[in-house]
Every structure is written in C-alpha cells, then in structure tokens.
Amino acid sequence: MSYPFKEIEEKWQEAWTKSKSFNARADLKRKKYYLLEMFPYPSGKIHMGHVRNYTIADVAARFKIMQGFNVLHPMGFDAFGQPAENAAIKNKTKPRIWAYKCIEWMKIELKKMGFSYDWERELSTCDSDYYKWNQWIFLKMLEQGLAYKKSSSVNWCVACETTLANEEVIEGECWRCHTKVEQKDLEQWFLKITEYKERLLEDLKQLKDWPERVLSMQTNWIGKSPGVQVDFKLKDSKKIIPVFTTRADTIFGATYIVLAPGHPLVKEIIKGNPEEKKVLRFIEKTSKASKAIREATEVKKEGIFTGCFAVNPVNNEEVPIWVADYVLMEYGSGAIMAVPTHDQRDFLFAKEHGLPMRIVIKGQDSAKDMNEAYEGDGIQVNSGQFNGLINKEAKIRIAEWMQETGIGKIETHWRLRDWLISRQRFWGTPIPIIYCAKCGIVAVPYEDLPVKLPPDAPFTGEGGSPLGKVKEFVNTPCPKCKAPSRRETDTMATFFDSSWYFLRFCSPKFEKAPFDVGEVKYWMPVDQYIGGIEHAILHLLYSRFFTKFFKDLGMIEFDEPFKRLLTQGMVLKDGEVMSKSRGNIVDPDSIIKNYGADTLRLFILFAAPPETELEWDDRGIEGAFKFLNRVWRIQDNFPAMPSGVQAVSRPIAGKVWREKDKADPALLRVLHKTIKKVTADIEGFKFNTAIASLMELTNAIYQSGADKKVFQTLVILFSPIAPHLCEELWQILGNKESICKQKWPKYDPHLLVEEKVTIAIQVNGKVRSKIEIPADISEEKLKASVLADEKLKPWLQGRPPKNFIFVPRKLVNIVV
RNA sequence: GCGGACGUGGCGGAACUGGCAGACGCGGUAGCCUUAGGAGCUAUUGGGGAAACCCUUGGGGGUUCAAAUCCCUCCGUCCGCACCA
C-alpha cells in the first residue's frame, strides 16, 4: 500500500500549468535568478541523464522562487542536426515532421517529471523564427571579418558525408559515428574564433565558480605557448630554417636540429648530396605510417641524418640537420632545435643516434652520467653572457636579446584553430550567401532573412547536400545585380545554434533582433548553468566566443555568459554508461509509472552528489519510495497503512496532532537545525545531504510524536525535491495557496542553542570518557569535574596533566 | 609525458576553517505486528576480541595536544590533451 502518487502528480502538474506558476516576467524591482540547463536534442525520449540534469536544476529553481527571487527557468530544443535527417531517411518522413514529433513526445515526458519551466518561452532552433537570427549573426560576423571562406584541407567523415570541426574529431574519428576521419580540400566557411583567443583564455580567470576540470580543459584547448621563433641558417647557403621553441634558455645546448619528414625544405637541401636517396626512402616510409600508428604510444623515434648542417645563431656552432618522425609538420614551424640534455624526447633520440649533448642548465644535482634529460630549473652554464642566471630569467633575457639582434622573434603559438561551420547537410540553418558570377560572394540582405529551408528535399542518403538538389532553393537572383545566381547550399554546424540560445530565452519572441537588449540586460548572465561534461570544450567555448562578439557589437555589457557552472555526473548501470548498445537502459517513464516522478527525483538526488557518477540502483528507488510514504503517513499520525486501509492495531505515537502549547523543545531544535542545513545544502547543490537531514527530521517526528507545525515546515523544506507530494500534503494541511509560493523558512538561532552538551574527554588524544555538561560551562569548572571523573583514573594514574585543551562544545584533551 | 579530479564499512556515500570517523540510506541480523509479508514498527549492524581493550579513512613517513582533512613520498583509479618543441 502506498500513497496515491499517480493522482497527485497528475493533479498538480495540471494545476501548475493552469496557473502559469513558473512564467517569468522581468521586474527591475526584484532580484533575478536565471537558471539554465543545456537544452536537449529532441530524440523523442528523455533518458536518465536528462532526468538527472533537469531534476538538479528544478530543485534549485523552486528553491530560489521560494527565497523570493524572480526566477527565469526556460526550456527549449536543440532541434537541428544529423540524427533527425537520418531518422527521416530511415522512417521515410521529413526531418521537420520528425523533429516536431519528437519535441512533442519529449515535452510530455518532461512535464511528467513536474519540472518548473516557463513553457511560454519554449524555443526550437529549427524554427525559422530562431534560425533567422543565426543568419543575422552570421552576416554581422561577415561584416566584422569574423566569418570567411577559405579552401583548406578539412576533416571529412565519409559516413556522415560532411566536414567536421577539429573539435568534432576525437582521436582521429568522427565524434558521432566513429568513422575514421579523412582529409579533403574544400571551400568552407570559417568563424575567426582565434581573434578572441586571448580573451577566451584571459577571462577564464573570471569564472571562479566553474569546475577546475572544465577550466583546465578550456585552457588546454586554447593551448597558448609563448616562445621564440629562431632562424637557423643553412651552412654555406642563404636559406633559413625557422624553428620554434618555448625554451629559449636552452638554445646554447641545441646540438642538432630536426625537420619533420613532410617539411618542404627537406627535399631541397638534400638535393644532390650523398644521403639523398636514403633520406627520400625514409620520408616515404614514415609518410605511409599513418597518423594513428604514429600516435600509438611509445613508438620508437626514428630518424635519419640529411648530410647537411645548420648554424646555431647564438654561438655560430655548426649543428647537423636530421629528419625524424617525432617532429610534426602540423605544429610550430615543423622544425625544432634539439636540446638532448633538457628535453626527454631529444635525449632519447640523441642517445639512440650518438648525437652530441651539452648541459646548459645546472640542476640541483648535476648528474654527469645522465640517464634522462633534466627538465627542471637551474643555473645557466655554457651559455655565453647568460651564464650564472637562473634559467627562468635567462629564458626572458635570451628571448629579448634574440629579438633585438634579429636572430629570433618572440612569438606565441596557439592550439586553437578557426571554427569550421559549413556542413553539407539539409537539416540546419542555411548559410545566407549567394554566389554571383559577376559580384562574387554576396551576403543575403538583412530584409530578406530568413533564408528558409525548403519544405522538401530529396533524401536519398547519397552524397552531396540535399539542398543542392532543390532548384527553387539554389537558383536565385543576385541581390546586387539581379543576375541569375546560386545560393550557398551548405548549412551551419548545429553548435552555432546553441551558442546564443541563452540570450534568446530572455526575449524568445522578439522580432527586431536576436534578442531584446533590455531583457538581456535584466536577465543575463545566466546565474547557474547545468549540463554534461561532454560540452566542457565545444559548446562552452563557442558560447563564450559569441558572448564576446555581442559585447563588441555593443549589444551586451558582460564578458561571460555563465556565472556558475555545474557539470553533472553520468548515470551508470552496473558500472557502465547506460546505452542502447549495452542494453542497460532504465527508462524514466517506467519508473514514473511504478513509483511516480517524486520517487525518481528523490532517488537521483539522494544517491550521489550532483557532480559524481551515479550508479543506478533499483533498491535505491525502493528506498526513496519508502521515504515518501513515510512522510505521507505523518498526516495520519503514522498508521502503518494509509487511511482507508486498515490501520495497525498498535499506534506508534499519539494518533492526534500534538497540542499547540506542548511543543517538544528537542524536536524544535532538530527542526531548526534542519532548516539551517537544508538551506545551506541546497544553496551549495549538496542535495544528498539535504535529503539526509530531512530524513533525520522525519525520524525525529516519528520519535517525538506528530507536531503539525513542525510537519508543515518539513513539507515546505521538502517541496523543491518532491513537489507533487508536498503540494498535496500542503493542501491536506488546510492551506489554500500553492506551496511554490510559500516563503522559504528561516531558522531561529536561539532555538539551535543546546543547554547541555555531551563532550568527549580524551587522554593523550584518545577518547576515554564522555560527560554531559552545560554548554556554556567555564574552563575552570569543567576542568574540576573532568579531573574528578572516575573513568579517567586509570588513564591519568595520578599524573598531573601537562596540558589541558578545551574546545568548547566539542571535547577536552588531557595530555599527561 | 603534461594538466585535472580522486582513493573512507558488504554497497551508495557523510564529516564546517584540523576537534568523538562512518551522518543518511541500501543491505544484513533479531524481535514485534500479521492468515500472510517483498508492508509497517523497534533494536542492532566498521573489523578483531569472552571481556578489559585493541585496530581502522590506498601504503609509508612527518607536523600537531589532536590528521580522512595539512606537508613529503610511494601505489592505484578516472577524465582531458598529447611526439605541442
């Protein structure tokens, strides 16, 4: 027998919708709180990951509302993208129909969870009302020189038949279908995110409430490495080999240089020399070894001498030039100066091939027979005029000196590349560009936006963009000269859509611009953003980039879109991520059916803190359900079964509410402790411990007897977590107004004070006794009664205490 | 290799700025109630020991009256980046 969760949940979901309980209005007189979850891709069904993400957010939203904040808590759908296209091909329907159907299904499931969304702000990125503004933003970027087209070797997924951003290539494979990514030369649209690299890096410092992990991933990805480009002259030639180094302090120890096998100079310099054939053979061999093999860990570094020499510009020493596969053409200048004494890779290579070494930085323990490179700090030696300096300083001084004398140039290398946004796909935002034979690349005029996707296109699943096959779409007059022209048939990467949706939510129906500047000024930035760690780099980096772009346009005044970020952990089953292929999926809908949404919410919040992985546990669900029933039964003053069913013959406590004037002071103390704890815990997203203390309060009520006032407060405190149950109990207790509108309770510090406390008495740090004493006892008095304690006699053995430490309310430690 | 997070009962996990380790829950045990219990309630539950006691936060060392918490060192797990010069 259990509480009637089904009726209750349906009843209140309907009531909330009807009364528009969660619809937000900007109000300058009130403090705002913008809470946002990463919006879902409408696959049609919600999974446990969604449930966890959105439950965490929902508790925070309801809590903030009760605290009096003006809360914005919107929901929408990231609806463009390949899966809809693939599903359309498979099910012989159209992506649009498919997508909107999925959105409907998904909304039904979200509503069944009782989430407090402002559904009037719902948006879908596949609406032309939305993607019109993608196009608008693109054109603005084009005007600013931030969107450009170039032909380049791009990542190409054969299976998806589209290009991929660097960010979408994981270990050489397509992030979505895991097909090996190939390189292909194509004309593509790029966004100049690199223009913002300094700010994207610098402003990470503002993000004090972001997880360390995400900050470090972003830093890593942007990959700033300051250094020097040094020009090594080729011996007996005017040719120059530029190398890049971050360790200018080691340049006097550069005893050879290495070119990447693909370096354009290699073939030039070996021409006609005796080593030519051997070197060519080596290059051919290494080029065959694919990137994947090369990346397989601990491959032996292979290389070959070119027969040529270069001159180290700092000491005019001749150094041999080698070609080796451990130098990559893709990074820096494709050439390095090798310092075997202070770089482990160079060290291994030099050992292998008997190349010279020279120590230039003395570590604390300067080893004569090195068996590995010394990469730490130390004093410069063998470094000309820089001898005696600490290498950290020498690094700067040498760089400056090289810059002054023209030997080198201070430079910074970045890992971050411009963002490729062209996709050869149908289900995305058309790039608003027209190609005219006479005028060239022409932007679609703003007044002609949106460039709408045609209602239909042939989906064969064969190569090429489906848009290219829709004549009515492709053929269009040039906006400038009216000559027959062609539209761009590529669409935008869907990460474009999600890079600014948080701004659109502030004024989702605004018609004059992507967003209403005034509304955004009130609501933004997002106070709390919640989503999966898988978006730690891409989505968050792009969103930060867009935000800075809007700031430069003068449309917003802040630098960073998301003040606080929480990345929730994954939901696992049997230690593995839930997935179709593993067949270990637990469907949220079936849990809702059998136990109700409140049980699911409670379990998912209680089982683990939000950031850590959560192991699914059917028994945990039972436990959560049991607790809800336990709370429910308080209204009946704890009969074992709900009213209507036969009650147990032996009541646990009084069957009636306690008399008003007979409050139990101990219970009151627990209550106020709970208020304090739950408030702090929800504030800090520690829901598991918040729930634990609510359980303690419930246990205390069972012990002490039913107290209506205490119970009312428990119901309020519990309501963000189990809103349906609490709303019903609230009504049963005789309240008319929704519990969502109740003020969050405050604890009374006076009631927390305990008159008597039990403190531990330690002798030499070990607990030997406990005594109950008045909380505010003086140390003198305490000392007297402690030393009189019989239990301590054997431990003290009459020895006088050397030290007597008293931590009020906690313990006493006697040192003898 | 670099960067980040972490390591606590049979399990999920608590422990504020160093102050009684193991809150809360799951599971277990015993009892009550019941025609019945996979419901409910009560008690108990880190390990060893008959007990007094002893041991216990990955291992070792240190600081301290006092360490899961701080420092050093080693081991291990997870994540991100990666022949990045």
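Lettering of chains follows the sequences in order, A, B, ..., and the numbering in each one begins at 1. This is a predicted model, so every value here is computed, not measured.
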Sub-3.5 Å pairs of nitrogen or oxygen atoms, protein against nucleotides 3-5 of chain B:
none

List, with names and distances, any nitrogen or oxygen atoms from the protein found under 3.5 Å away from nitrogen or oxygen atoms belonging to nucleotides 15-21 of chain B.
residue, atom, partner, partner atom, Å
rC16(B), N4, Lys810(A), NZ, 3.4
rC20(B), O2, Lys770(A), NZ, 2.3
rC20(B), N3, Lys770(A), NZ, 3.3
rC20(B), N4, Thr758(A), O, 3.2

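Counting only distance, with no hydrogens or angles, the side chain of Thr255(A) and the backbone of Pro356(A) share a donor-acceptor pair below 3.5 Å. Under the 3.5 Å distance criterion, the side-chain polar atoms of Glu611(A) are left unmatched by any main-chain donor or acceptor of Thr567(A).
rA39(B) is unpaired under the Watson-Crick or G-U wobble criterion, no partner having all donor-acceptor distances under 3.5 Å. Nucleotide rC70(B) forms a pair with rG62(B), judged by Watson-Crick or G-U wobble geometry with both contacts under 3.5 Å. If you check rU17(B) for Watson-Crick or wobble pairing at under 3.5 angstrom, you find it has no partner at all.
A gap of 29 Å separates the P atoms of rC11(B) and rG18(B), to the nearest Å. Between rG25(B) and rU45(B), the two C1' atoms lie 14 Å apart (nearest whole Å). Comparing the P positions of rC70(B) and rU57(B) gives a spacing of 15 Å, expressed to the nearest Å. rA39(B) sits 10 Å from rG28(B) when the P atoms are compared, rounded to a whole Å.
Here the P atom of nucleotide rG40(B) and the CZ atom of Phe625(A) are 10 Å apart, to the nearest Å. Look at OH on Tyr595(A): it is 11 Å from P on rA39(B), rounded to the nearest Å. Whole-Å rounding puts the Trp414(A) CH2 to rC81(B) C1' distance at 17 Å. When rounded to the nearest whole Å, the span between CZ of Phe804(A) and P of rC65(B) equals 16 Å. The separation between Glu576(A) atom CD and rC78(B) atom P is 13 Å, rounded to whole Å.
The nearest heavy atom of RNA chain B to Ser225(A) and to Leu614(A) marks one nucleotide each, and the one closer to the 5' end goes with Leu614(A). Two residues, Ile336(A) and Asp617(A), neighbour RNA chain B, and the one matched to the more 5' nucleotide by heavy-atom proximity is Asp617(A).
Among the protein residues, Pro609(A) comes within range of the sugar-phosphate backbone only, with heavy atoms under 4.0 Å from sugar or phosphate atoms but none that close to a base. At the heavy-atom level, Glu613(A) lies under 4.0 Å from the strands shown only through sugar-phosphate atoms. Across all strands, Glu696(A) comes closer than 4.0 Å only to sugar-phosphate atoms, never to a base (heavy-atom distances).
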If a protein heavy atom is under 4.0 Å from the base, mark B; if only from the sugar-phosphate, S; if neither, -; do that for nucleotides 51-56 of chain B going 5' to 3'. ---SS-

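Among residues at least two apart or in separate chains, there is no salt bridge (charged side-chain N to carboxylate O under 4.0 Å, His left out) pair with a member in residues 759-775 of chain A. Every pair passing salt bridge (charged side-chain N to carboxylate O under 4.0 Å, His left out) that includes a residue from residues 673-689 of chain A is listed here, sequence neighbours excluded: Lys64(A)-Glu683(A), Lys673(A)-Glu754(A), Lys677(A)-Asp681(A).
Side-chain contact check for Leu416(A) versus Trp221(A): some heavy-atom pair is nearer than 4.5 Å.
Distances from the side chain of Asn699(A) to the nucleotides rC83(B), rC24(B), rC65(B) place rC24(B) closest. Considering only the side chain of Met695(A), rC24(B) comes nearest among rC24(B), rC84(B), rC65(B). Across rG13(B), rC65(B), rC83(B), the shortest atom-to-atom separation from the side chain of Asp325(A) is found for rC83(B). Nearest nucleotide to the side chain of Ala608(A), out of rC84(B), rG40(B), rG13(B): rG13(B). Side-chain proximity of Arg630(A) to rC41(B), rC65(B), rA85(B): nearest is rC41(B).
A ring-ring contact (aromatic ring centres under 6.0 Å, His included) with Tyr595(A) is found for exactly one of Phe625(A), Phe627(A), Tyr3(A), namely Phe625(A).
Between Phe685(A) and Phe687(A), a ring centre-to-centre spacing shorter than 6.0 Å is recorded.
In terms of heavy atoms, Val360(A) sits closest to Asp249(A) at CG2-O, 4.2 Å.
Every residue two or more places apart in sequence or in another chain was checked for a ring pair (Phe, Tyr, Trp, His ring centres under 6.0 Å) with Phe347(A), and none qualifies.
Under 4.0 angstrom from either OP1 or OP2 of rA39(B) there lies no side-chain N or O belonging to Arg633(A).
Surrounding CE of Met570(A) are at most 12 heavy atoms belonging to other residues, nucleotides or ligands under 6.0 Å away.
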